[in-house]
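The sequence lines fix the lettering, A, B, ..., with proteins before strands; numbering per chain opens at 1. Keep in mind that the numbers below use all heavy atoms, side chains included, and drop hydrogens, waters and symmetry copies.
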Amino acid sequence: MTHEEAQELIPAYALDALDPDEMRTAEAHFSVCEECRRELASLREATALLVEGAPRSAPPAALRDRVLGAAQPARRLAARPRPWPWAWTGWAAAALAVVVLGSVSLSLERRVAAMRGEAAAEARLLSLLASPSAETVELAGTTAGSARLVFAPGRAGGVLVVSGLPDPGGRSIYQLWLISRARPESAGVFRPSGGTATLVPVDANVSRYRAVAISVEPGPAGSPQPTTKPLLAGAVAPGG
Amino acid sequence: MVESTPDDDGRLLARIARSDADALGAIYDRYGGPVYSLAQSLLRDAQTAQEVTQDVFLAIWRDAAAYDPQRGSPRAWILAVAHHKSVDTLRRQRRHAAVELTDTVTGDDPDVVSEALQRLEGARVQRALAALPAEQRTVLVLAYYGGYTQREIAGRLGTPLGTVKTRMRDGLLRLRAALRTAEEMVR
């Protein structure tokens, strides 16, 4: 979808009047376009006026207690992205060595071998990623460095390969997002390792999403939803 | 409705992001009424409206940390969540009803627009909508208060989809312009 096409959809999006398909396509564009997000914010101020036209009815007093009773800190924390699954670094690195880079430097190979576990599950994931049907999403953007997400269509599991990204600075980290509907879903956080490629295991089924994006978020756990503009983003090929 | 400034609301959202339940209570006291009224007017069922309202405030509780002032005022954000969740529930119900009552539902109340216009409250909204050309007003009312998609509206009105899209876009842009003018006159 071009920027102009997405722009046309903003008013209907602000009114929740798009079909689900259009909505997803629009969101994939909004997630990487600040101009469209600003226009949406501005139109939402207008739709917020319309709420005054709804006949007023008072919620029952007990509802307040129910809402506050349900809003426990634990519930909110549970919705946060899981911390980086360090235990997976082994298979991810191994997968990269086989699938992504093709030829790897000797030093990286040694590092990979050192980290690599022998569990059967790792081997299964490795072969899955090595399958000829594996697809790649190239992420593009305004920052230095590159990122690509490798996954097997229709199945869970993939690896994000990042190289040359600058240090996010301070306590910040990078966070990977998968986008299909109203809210991007976190697919993990990472810090680039200086010099070599950084590997981020992704356990979602990537082909169920429309787009992927990376933003800088407060560390160490990242954010429940993106709080900064995505630096890199890419579309998942339809049917891929 | 309790008038509140974006700054106050923003501070409350920041406290909610730190799991401050009192702040959620304060946001509920400001927006519980409008959120529930919107849900009730779309869903026409007190029980479902309560469930949706609870859903909306739990979403605010969960997502307050991700709220970005550049994406609009807290009020606009909260009411957008409320409309989206209400419409979502309404469409699930309609799909369900359509499966059960395939033949009887197709011609449901054709007068939803005039009905919605008659029960419109709020002098500001009435003025703003009255200033729009009738065909733009119709599609805005069907979308916002009826919970219909552009495609459904085109079907209901027997109007080409492209025309409905144009009217919806023009209508909302005009409503925004009217709102801005009104705000400037207040200053």
Pairs of heavy atoms under 4.5 Å with chain B: top-ranked of A:Ala48, A:Pro59, A:Ala46: A:Pro59
Between B:Ala49, B:Gly25, B:Ala21, B:Gly33, which has the largest tally of heavy atom pairs under 4.5 Å with chain A? B:Gly25
Largest heavy-atom contact set with chain B, pairs under 4.5 Å, which of A:Ala17, A:Pro226, A:Ala41, A:Pro60: A:Ala17
B:Gln40 portion near chain A, given a 4.5 angstrom heavy-atom threshold: side chain
So, for B:Phe57 and B:Tyr31, is the gap between ring centers shorter than 6.0 Å? no
Under 4.0 Å between a side-chain nitrogen and a carboxylate oxygen: does that hold for B:Arg11 and B:Asp8? yes
For chain A, which of B:Ala66, B:Ser37, B:Gly72 has the most heavy-atom pairs under 4.5 Å? B:Ser37
Cut-off 4.5 Å, heavy atoms of chain B, and the answer for A:Glu39 is both
Does any part of the side chain of B:Glu135, heavy atoms only, come nearer than 4.5 Å to the side chain of B:Thr159, both counted from C-beta? no
Under 4.5 Å from any heavy atom of chain B, what part of A:Ala12 do you find: side chain, backbone, both or neither? both
So which residue, B:Val56, B:Leu24, B:Val87, B:Leu173, ends up with the most heavy-atom pairs under 4.5 Å with chain A? B:Leu24
Selection from A:Thr47, A:Leu49, A:Leu50, A:Leu63 maximising heavy-atom pairs under 4.5 Å formed with chain B: A:Leu50
Side-chain donor-acceptor contact under 3.5 Å, A:Trp177 with A:Ser215: yes
Can you tell me which portion of A:Glu22 sits under 4.5 Å from chain B's heavy atoms? Options are side chain, backbone, both or neither. side chain
Given heavy-atom pairs under 4.5 angstrom as the criterion, report whether the side chain, backbone, both or neither of B:Ala128 touches chain A. side chain
Taking A:Glu52 for the side chain and B:Arg124 for the main chain, is one N or O donor matched with an acceptor at less than 3.5 Å? no
With chain B, which of A:Asp19, A:Thr228, A:Leu40 has the greatest number of heavy-atom pairs at distances under 4.5 Å? A:Asp19
Among the listed options A:Val67, A:Leu9, A:Thr227, A:Ile10, the residue most often paired with chain B at heavy-atom distances under 4.5 Å: A:Val67
With chain A, the option among B:Arg91, B:Glu152, B:Arg151 that has the most non-hydrogen atom pairs under 4.5 Å is B:Arg151
Greatest number of non-hydrogen atom pairs under 4.5 angstrom with chain B, of A:Glu34, A:Arg38, A:Arg37, A:Glu217, falls to A:Arg37
Under the side chain to side chain contact (heavy atoms under 4.5 Å, CB included) test, which residues partner B:Asp45, sequence neighbours left out? B:Gln47, B:Thr48
Does NZ or CZ of B:Arg94 fall inside the cone over B:Tyr148's six-membered ring, less than 6.0 Å from its centre and within 45° of the axis? yes
Using atom types as modelled and distance alone, determine if a side-chain donor or acceptor of A:Asp16 lies under 3.5 Å from a backbone N or O of B:His84. yes
Once the angle between the rings of B:Tyr144 and B:His83 is folded into 0 to 90°, is it parallel (under 30°), tilted (30 to 60°) or perpendicular (over 60°)? parallel
Indicate the atoms forming the closest heavy-atom contact of A:Val216 with A:Pro168, along with that distance. CG1-CB, 4.3 Å
